[in-house]
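Heads up: numbering here begins at 1 and tracks the sequence. Since we're looking at a predicted model, the values are computed, not measured.
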Amino acid sequence: MKIQYLGTAAAEGWPGIFCNCPVCREAVRRGGKNIRSRSQALVDDSLLIDFPPDSYYHMIQYHVPMAAVQNILLTHAHQDHFYPLDLTMRGNGFSDEVTGILQIYGNELCCEWFGEAVRTASPYMELDRRLAFHTITKFQTLNLQGYTITPLPALHDRRQNCLIYLLKKDGKKLLYGNDTGWFPDETWRFLEREGHLDGVSLDCTMGRQKEGTNHMGIPDNREVIKRLKLYECVDSDTKIVITHFSHHGGVLHEELEQEVGTDGWYVAYDGFCLEI
């Protein structure tokens with residue numbers, strides 16, 4: 001299983017779109033891996049996780065075969081993770097030689113956002129023949145493209161049912177865990193029964209700061225990994241990645257690598273690929 005991190009920033013990007021703080025200015029000065037777009041991941045070049053407003057940029061920058069994508073998993077309805085207006089560009093008159101229906105999976109609020117975007121589009125676009133939305137709930141198993149996918153509850157926006165995902169295929173398991181703070185008890189109970197994970201991807205919005213109630217920082221990540229080790233979900237063969245960084249965390253890429261170097265973790269950057 002291959003996962004490519006197309007975007008690795010929090011909502012405002014890094015540098016923040018209107019921000020002039022020292023950390024954003026330094027990111028611009030250094031460039032490279034310190035320039036981060038909004039969060040999105042691509043699994044095996046065909047399964048998308050989240051659809052932010054930077055999806056078009058990701059397609060161009062990383063040669064994403066967007067026309068070939070069959071399924072999109074959404075974590076929650078925040079604009080940096082779900083920008084449904086761009087999905088309507090798959091409609092008649094904007095996209096030619098489109099085959100199949102793009103299947104989108106997300107919570108109830110994502111469904112509302114999707115419905116509003118479709119309602120504002122012209123009937124000429126024939127979106128019902130190009131797009132389909134499926135409302136999913138926690139622990140509802142999905143079988144897509146040979147993957148077995150389980151949505152798990154996240155501790156994030158209390159106004160909606162935010163999700164993280166466990167993906168399984170060909171004997172490999174990936175836990176994709178952002179946006180979330182410390183996992184809810186029911187998620188921990190599920191993972192305790194799940195056994196060994198080949199890959200774990202964690203929210204690190206807050207950098208060196210401990211947070212845990214909406215997002216995570218490195219101290220939270222370490223506690224999560226410690227508990228996963230206790231449950232025998234993580235061992236020396238598990239590849240661990242931190243991602244979803246905010247300039248408010250205050251730690252640039254090079255310093256993040258130094259901070260978690262002894263942990264043996266990967267620090268994601270835009271375009272970073274990992275195989276498990």
message: When you measure from the side chain of Thr180 to the backbone of Gly177, do you find a donor-acceptor pair of N or O atoms at a distance under 3.5 Å?
response: no
- prompt: With sequence neighbours left out, what residues match Phe183 under ring-ring contact (aromatic ring centres under 6.0 Å, His included)?
  reply: Trp188
query: Is it true that the side chains of Asp86 and Ser55 contain a donor and an acceptor less than 3.5 Å apart?
result: no
- prompt: Which residue pairs pass the salt bridge (charged side-chain N to carboxylate O under 4.0 Å, His left out) test when at least one of the two sits in residues 16-28, sequence neighbours left out?
  reply: Glu26-Arg29, Glu26-Arg30
- prompt: Do Leu152 and Lys138 come within less than 4.5 Å of each other through their side chains, counting heavy atoms only?
  reply: no
query: Would you say Arg158 has more than 12 foreign heavy atoms packed within less than 6.0 Å of its CZ?
result: yes
Side chain Asp44, main chain Ser46, donor-acceptor under 3.5 Å: no
query: For Arg193, what residues pass the salt bridge (Lys or Arg N to Asp or Glu O under 4.0 Å) criterion, not counting sequence neighbours?
result: none
message: Side chains of His78 and Asp157 only: does a donor on one sit below 3.5 Å from an acceptor on the other?
response: yes
message: Taking Glu186 first and then Arg189, would you say they form a salt bridge - that is, a charged N and a carboxylate O separated by under 4.0 Å?
response: no
task: In plain terms, say whether Lys172 and Asp170 are close enough for a salt bridge, that is, a side-chain N and a carboxylate O under 4.0 Å apart.
output: no
- prompt: Under 3.5 Å, is there a donor-acceptor pair between the Asp50 and Gln40 side chains?
  reply: no
Residues, nucleotides or ligands: over 12 heavy atoms within 6.0 Å of Phe139 CZ: yes
field: Carboxylate-amine/guanidinium proximity below 4.0 Å for Lys239 and Asp198
entry: no
field: Transitive ILVMFWY cluster of Tyr147, excluding itself - 4.5 Å side-chain cut-off
entry: Met1, Ile3, Tyr5, Val43, Leu47, Ile49, Leu73, Tyr105, Ile136, Leu142, Leu144, Ile149, Leu163, Tyr165, Leu167, Leu174, Tyr176, Val241, Tyr266, Tyr269, Phe272, Leu274, Ile276
- request: Answer yes or no: is there an ion pair linking Asp220 with Lys210, defined by an N-O contact shorter than 4.0 Å?
  value: yes
field: Residues Asp54, Arg38: salt bridge by 4.0 Å N-O rule
entry: yes
message: Ignoring hydrogens and geometry beyond distance, is a side-chain donor-acceptor pair present between His253 and Arg36 at under 3.5 Å?
response: yes
statement: Interatomic distance, CE@Met216 vs CE@Met206, rounded to 0.5 Å, equals 13.0 Å
- request: Kindly write out the residues that satisfy ring-ring contact (aromatic ring centres under 6.0 Å, His included) with Phe51, not counting sequence neighbours, or none if the list is empty.
  value: none
task: Output the distance between atom CG (Leu197) and atom CD (Glu232), rounded to the nearest 0.5 Å.
output: 12.0 Å
- prompt: What residues form a salt bridge (Lys or Arg N to Asp or Glu O under 4.0 Å) with Arg222, not counting sequence neighbours?
  reply: Asp263
